[in-house]
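See below for the structure under consideration.
First listed ligand is number 1; within each ligand, the first listed atom is number 1. Note that these values count all heavy atoms, side chains included, but never hydrogens, waters or copies made by symmetry.
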Amino acid sequence: MARTPLMAGNWKMNLDHLEANQLIQKLSFTLADAGYDPSQSEAVVIPPFTDIRTVQTAIDADSVPLKYGAQNVSTHDNGAFTGDISTAMLVKLGCSYVVVGHSERREYHGETNEIVGEKAKKVLDAGMVPIMCCGEALDIRKEGTHVDFVLGQISQMLAPLSAQQVAQSVIAYEPIWAIGTGEVATPADAQEVCGAIRRHVAELFDQTTADAVRIQYGGSVKASNVRDIMAQPDVDGALVGGASLKPEEFAKIIMFYA
Ligand code: PEP
């Protein structure tokens, strides 16, 4: 089954809306100059909430071949939830993707696998695609129990979803020890866990669902290492932090296939 690679740039809490506009312009020129072909890889930017309207306008105005999304969403529809943002608000802004359960949300905001599953369901019910993050910390990797740990996360996160919903979703395997550290999992490390996730999805649901779900690797992905990571059979894309803030570097990551 052909799965279109998904290269997503998570800007985290970086860039105000003016800087966001500049980055989209530069990324757009760089991709056009390099002959980017969206059928070879889907490119997505994930800015802070305050930048989304600007990103939408910049992309729509010039029909830039980029999609965009949000870094988080509420489990509630509306009401007295100060500081939260609903799925309906993101849909209205034209978002296609929402990252749920990033390790920084888990660490600083107490998000559990159950909350991540609930958010993923909300995102799918609203017609967007969740990028569901999972991954182990360094102590678990050192113990050698990382595959079991990640599969446990997957079982709990996918519990509220139907097979059809899982098939439309994206799972991002991001070993926490490789995020923002410059420490990259080897391509074989990435394949070990991404392959195990796909087999687990087949056990939990069925082979058709496992063949359809896209599984990304994330953790210090750069232009210099993206090809080897993308050459792994169960790696269908990358979730990129730091390198997505540099338009030329991110364009090379998006065009890993060239
Ligand atoms: C991330 O935050 O999801 C990430 C992978 O960051 P970085 O690429 O900077 O390691």
Side-chain angles (χ1 to χ4, degrees), residues 5-15 19-20 23 27 41-49 51 66-73 95-109 111 113 115-116 119-120 123 129-138 140-141 146 149-150 153-154 157 169-187 189-194 197 214-230 232 234-256:
L6 177 68
M7 314 310 275
N10 172 15
W11 296 359
K12 309 194 183 190
M13 197 172 72
N14 292 295
L15 309 184
E19 294 165 329
L23 192 151
L27 184 57
S41 79
E42 193 180 336
V44 174
V45 291
I46 317 274
F49 288 131
D51 296 354
L66 288 173
K67 292 182 184 161
Y68 56 92
Q71 298 173 15
N72 181 37
V73 73
C95 288
S96 303
Y97 290 90
V98 183
V99 175
V100 292
H102 190 279
S103 59
E104 289 149 16
R105 300 278 330 159
R106 291 171 183 266
E107 181 176 356
Y108 305 126
H109 300 273
E111 290 193 10
N113 295 322
I115 293 173
V116 177
K119 288 187 174 189
V123 169
V129 175
I131 298 177
M132 284 175 262
C133 301
C134 58
E136 80 286 355
L138 188 56
I140 295 171
R141 166 65 60 162
H146 50 283
F149 177 85
V150 170
Q153 290 184 309
I154 295 290
M157 291 190 314
S169 298
V170 177
I171 296 171
Y173 167 57
E174 299 205 300
I176 297 169
W177 47 271
I179 296 180
T181 58
E183 190 80 35
V184 195
T186 64
D189 288 336
Q191 170 57 28
E192 179 195 32
V193 182
C194 293
I197 292 172
R214 286 187 291 178
I215 304 176
Q216 295 178 309
Y217 167 78
S220 300
V221 172
K222 301 186 273 289
S224 59
N225 59 28
V226 67
R227 272 172 193 248
D228 289 345
I229 292 167
M230 290 303 296
Q232 303 305 308
D234 287 299
V235 177
D236 306 317
L239 185 54
V240 184
S244 73
L245 297 170
K246 302 173 199 152
E248 282 175 6
E249 177 83 4
F250 190 45
K252 285 185 188 149
I253 293 172
I254 292 168
M255 293 187 60
F256 73 92

Would you call E42-K67 a salt bridge at under 4.0 Å N-O?
yes
If you measure from CD on Q191 to CD1 on I215, what distance do you get to the nearest 0.5 Å?
9.0 Å
Counterpart residues, side chain to side chain contact (heavy atoms under 4.5 Å, CB included), relative to E192 (two or more places apart):
R141, H146, V147
For N72, what residues pass the side-chain hydrogen bond (donor to acceptor under 3.5 Å, both in side chains) criterion, not counting sequence neighbours?
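With sequence neighbours excluded, N72 shows a side-chain hydrogen bond (donor to acceptor under 3.5 Å, both in side chains) to K119, given in chain and number order.
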Got a sec, which residues hit side-chain hydrogen bond (donor to acceptor under 3.5 Å, both in side chains) with T186, two or more places apart in sequence or on another chain?
D189
Sort out the contact shell of ligand 1: every protein residue with a heavy-atom distance below 4.0 Å, listed by chain and number.
N10, K12, H102, E174, A178, I179, G180, G218, G219, S220, L239, V240, G241, G242
With the side chain counted from C-beta on, respond yes when R106 and V116 share a heavy-atom pair under 4.5 Å apart, and no when they do not.
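R106 reaches V116 side chain to side chain.
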